Number of protein chains: 2
Amino acid sequence: MTGETDRREAAEHLALTLVGAGMQRMGARALAAFLFSEKETLTAGDLAQELGVSAGSVSGAVRMVAQMGLIERIHVAGSRREHFRMRDNAWTTLYSRQHSVVDEVLRAVENGVGAVGPGRAHDRLEYMRDFYTFLLNEAPMLVERFERQRRGEPRS
Amino acid sequence: MTGETDRREAAEHLALTLVGAGMQRMGARALAAFLFSEKETLTAGDLAQELGVSAGSVSGAVRMVAQMGLIERIHVAGSRREHFRMRDNAWTTLYSRQHSVVDEVLRAVENGVGAVGPGRAHDRLEYMRDFYTFLLNEAPMLVERFERQRRGEPRS
DNA sequence: GCGAATGTTCAGAAATTTCTGAAGACAGGA
DNA sequence: TCCTGTCTTCAGAAATTTCTGAACATTCGC
């Protein structure tokens with residue numbers, strides 16, 4: 001049970017779901033490959049083989065996922081290959097300001113607040129701005145709370 | 001200053017940013033139209049005119065944004081037109097379980113946890129599952145805290 | 001430096017998404 | 001019931017995204 005086929009299927013399913021969530025196809029597949037791999041690191045060649053795609057596709061996918069902050073490049077001395085691995089804090093970083101898509105949205109909203117005069121639109125945009133600002137500010141604490149809970153007391 | 005042109009530009013800019021964040025084009029434009037409108041509600045016709053697109057496009061866009069829980073249909077008695085308006089708790093609902101894309105991802109991850117045997121992949125997937133579960137559980141409290149802070153004490 | 005292995009870029013092909021316009025469905029008033 | 005205004009659906013056109021493959025760049029060992 002839980003054979004190689006199941007593993008592949010589950011990986012593809014997660015990738016598809018991530019695509020539905022707005023991620024680009026190849027990036028999602030690459031990310032799933034990392035998640036479902038038993039290895040600590042993967043090379044571009046590994047990914048190409050695992051996903052059955054060209055080196056060019058891998059290059060693009062890896063760049064994107066790296067830019068999201070989910071994986072990082074690892075230079076291995078004495079090897080020409082470049083290794084990649086999921087960052088330890090991949091999921092938490094996703095909610096920090098730097099790599100965040102949310103931050104771009106926030107800036108666009110702030111721009112909107114400045115572009116409209118007083119009225120309903122202004123109020124709506126301010127509310128949206130405040131909410132997303134709050135989220136970005138709270139994220140680090142939330143993350144810390146998660147980490148602590150996961151190590152410390154398993155319950156509550 | 002802050003003329004109609006600025007307003008339109010800011011709206012389009014936000015829409016574009018949302019597209020970059022993974023939202024579909026027409027849905028993003030529709031959402032921006034709601035955000036930037038001085039009216040309380042908009043009809044399908046309003047949207048078609050504002051965005052310069054066909055009735056068919058509006059229909060699809062509105063369905064999607066409604067499904068995300070950001071706008072709601074309002075039946076006005078004595079009128080054939082259907083009105084839409086942004087939901088009061090649009091942004092907060094987005095982080096609740098029901099309308100959440102995150103929830104679908106979470107299910108795909110749980111499926112993955114069940115599909116792989118013990119090892120690195122299993123650990124990674126469990127971690128991801130726990131983190132997203134935590135997020136979904138915490139979201140309501142976070143939202144409540146935001147609401148309270150916004151009314152109550154402006155500082156801190 | 002030179003050669004070999006590996007990674008990146010990019011033009012074009014293929015696949016997918018998105019939008020339209022027309023036909024059909026539905027609801028309300030006469 | 002019929003008519004009219006409004007919304008939805010859907011096939012196909014248009015636009016966009018995605019992938020490939022080959023040429024180019026880079027880096028390491030020698």
Side-chain angles (χ1 to χ4, degrees), chain A residues 11-34 39 41-68 70-85 101, chain B residues 11-34 39 41-68 70-85 101:
Chain A
E12 282 302 321
H13 176 50
L14 176 56
L16 259 289
T17 306
L18 289 171
V19 169
M23 203 167 168
Q24 280 178 297
R25 195 171 129 80
M26 206 59 204
R29 293 189 69 204
L31 178 58
F34 279 101
K39 296 186 190 155
T41 69
L42 294 177
T43 66
D46 292 335
L47 282 170
Q49 178 166 22
E50 173 76 19
L51 303 177
V53 297
S54 72
S57 295
V58 170
S59 178
V62 147
R63 174 154 37 123
M64 154 179 324
V65 183
Q67 188 164 344
M68 289 176 73
L70 295 176
I71 64 175
E72 61 191 346
R73 302 172 125 77
I74 304 204
H75 267 296
V76 175
S79 164
R80 275 177 207 175
R81 310 218 199 143
E82 212 158 6
H83 291 245
F84 301 91
R85 78 158 183 207
V101 174
Chain B
E12 282 302 322
H13 175 51
L14 175 56
L16 259 289
T17 306
L18 289 171
V19 169
M23 203 167 168
Q24 280 177 295
R25 195 169 128 80
M26 206 59 204
R29 294 189 70 204
L31 178 58
F34 278 101
K39 297 187 190 156
T41 69
L42 294 176
T43 66
D46 292 336
L47 282 169
Q49 178 166 23
E50 172 75 19
L51 302 176
V53 297
S54 72
S57 296
V58 170
S59 178
V62 147
R63 173 155 37 125
M64 153 179 324
V65 183
Q67 189 164 343
M68 290 176 73
L70 295 176
I71 64 175
E72 61 190 346
R73 300 174 124 78
I74 305 204
H75 267 295
V76 175
S79 164
R80 276 174 206 179
R81 311 218 197 140
E82 212 158 7
H83 291 244
F84 301 92
R85 78 158 185 209
V101 174

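Treat the numbers as computed from the prediction; the structure is a model and nothing was measured. These numbers come from the heavy atoms of this one structure, side chains and all, not from hydrogens, waters or symmetry mates. By convention in this document, chain letters (A, B, ...) are assigned in the order of the sequence lines, proteins followed by strands, and residues within each chain are numbered from 1.
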Can you tell me the distance, in whole Å, between the [atom1] atom of [X] and the [atom2] atom of [N]?
X	N	atom1	atom2	answer
A:Arg29	D:dC19	CZ	P	8 Å
A:Arg73	C:dT8	CZ	C1'	10 Å
B:Met23	D:dT17	CE	P	16 Å
B:Met64	C:dT17	CE	P	12 Å
B:Leu47	C:dC19	CG	C1'	16 Å
B:Gln49	D:dC7	CD	P	13 Å
A:Asp46	C:dA5	CG	C1'	15 Å

Straight-line distance of A:Asp46 CG to A:Arg81 CZ, nearest 0.5 Å: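 It is 7.0 Å, given to the nearest 0.5 Å.
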*Hey, what do you get for CG (A:Leu16) to CZ (A:Arg25), rounding to the nearest 0.5 Å?*
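Answer for the CG-CZ pair, A:Leu16 versus A:Arg25, is 7.5 Å.
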Counting side-chain heavy atoms from C-beta on, which of [options] comes nearest to [X]?
X	options	answer
B:Glu82	C:dG7, D:dT8, D:dT20	D:dT8
B:Ala44	D:dT4, D:dC7, D:dT17	D:dC7
B:Val53	C:dT20, C:dC19, D:dT8	C:dT20
B:Ser59	D:dC19, C:dT8, D:dT8	D:dT8
A:Arg63	D:dT17, C:dT20, C:dT9	C:dT9
B:Gln24	C:dT18, C:dT9, D:dT4	C:dT18
B:Arg80	C:dC19, D:dG21, D:dG5	D:dG5

Side chains of A:Leu31 and A:Met68: closer than 4.5 Å at any heavy-atom pair?
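A side-chain contact is absent here, since even the closest heavy-atom pair is not under 4.5 Å.
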For A:Arg81, which contact category applies under a 4.0 Å heavy-atom criterion: base, sugar-phosphate, or nothing?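 Sugar-phosphate, no base atom in range.
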(Q) Tell me whether the side-chain N/O atoms of A:Arg25 come closer than 4.0 Å to OP1 or OP2 in C:dT17. (A)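 So the side chain of A:Arg25 is outside the cut-off, no N or O lying under 4.0 Å from OP1 or OP2 of C:dT17.
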Please list every donor-acceptor pair under 3.5 Å in which a side-chain atom of residues 70-77 of chain A meets a protein atom from a residue at least two apart or in another chain.
unit_1	atom_1	unit_2	atom_2	d
A:Glu72	OE2	A:Arg85	NE	3.1
A:Glu72	OE2	A:Arg85	NH2	3.3
A:Arg73	NE	A:Glu82	OE2	3.3

**Asked** Start at the 5' end of DNA chain C and walk down; is the nucleotide closest to A:Ala55 or to B:Met26 reached first?
**Response**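 Between the two, 5'-proximity favours A:Ala55.
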- prompt: Which residue lies toward the 5' end of DNA chain D, A:Ser54 or B:Ser57, if each is placed at its nearest nucleotide?
  reply: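 Going by which nucleotide is closer to the 5' end, it is B:Ser57.
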Mind running side chain to side chain contact (heavy atoms under 4.5 Å, CB included) on B:Glu50 and B:Leu42 for me, showing each step along the way? CA-CA 10 Å; B:Glu50 172 75 19; B:Leu42 294 176; over 6 Å; no
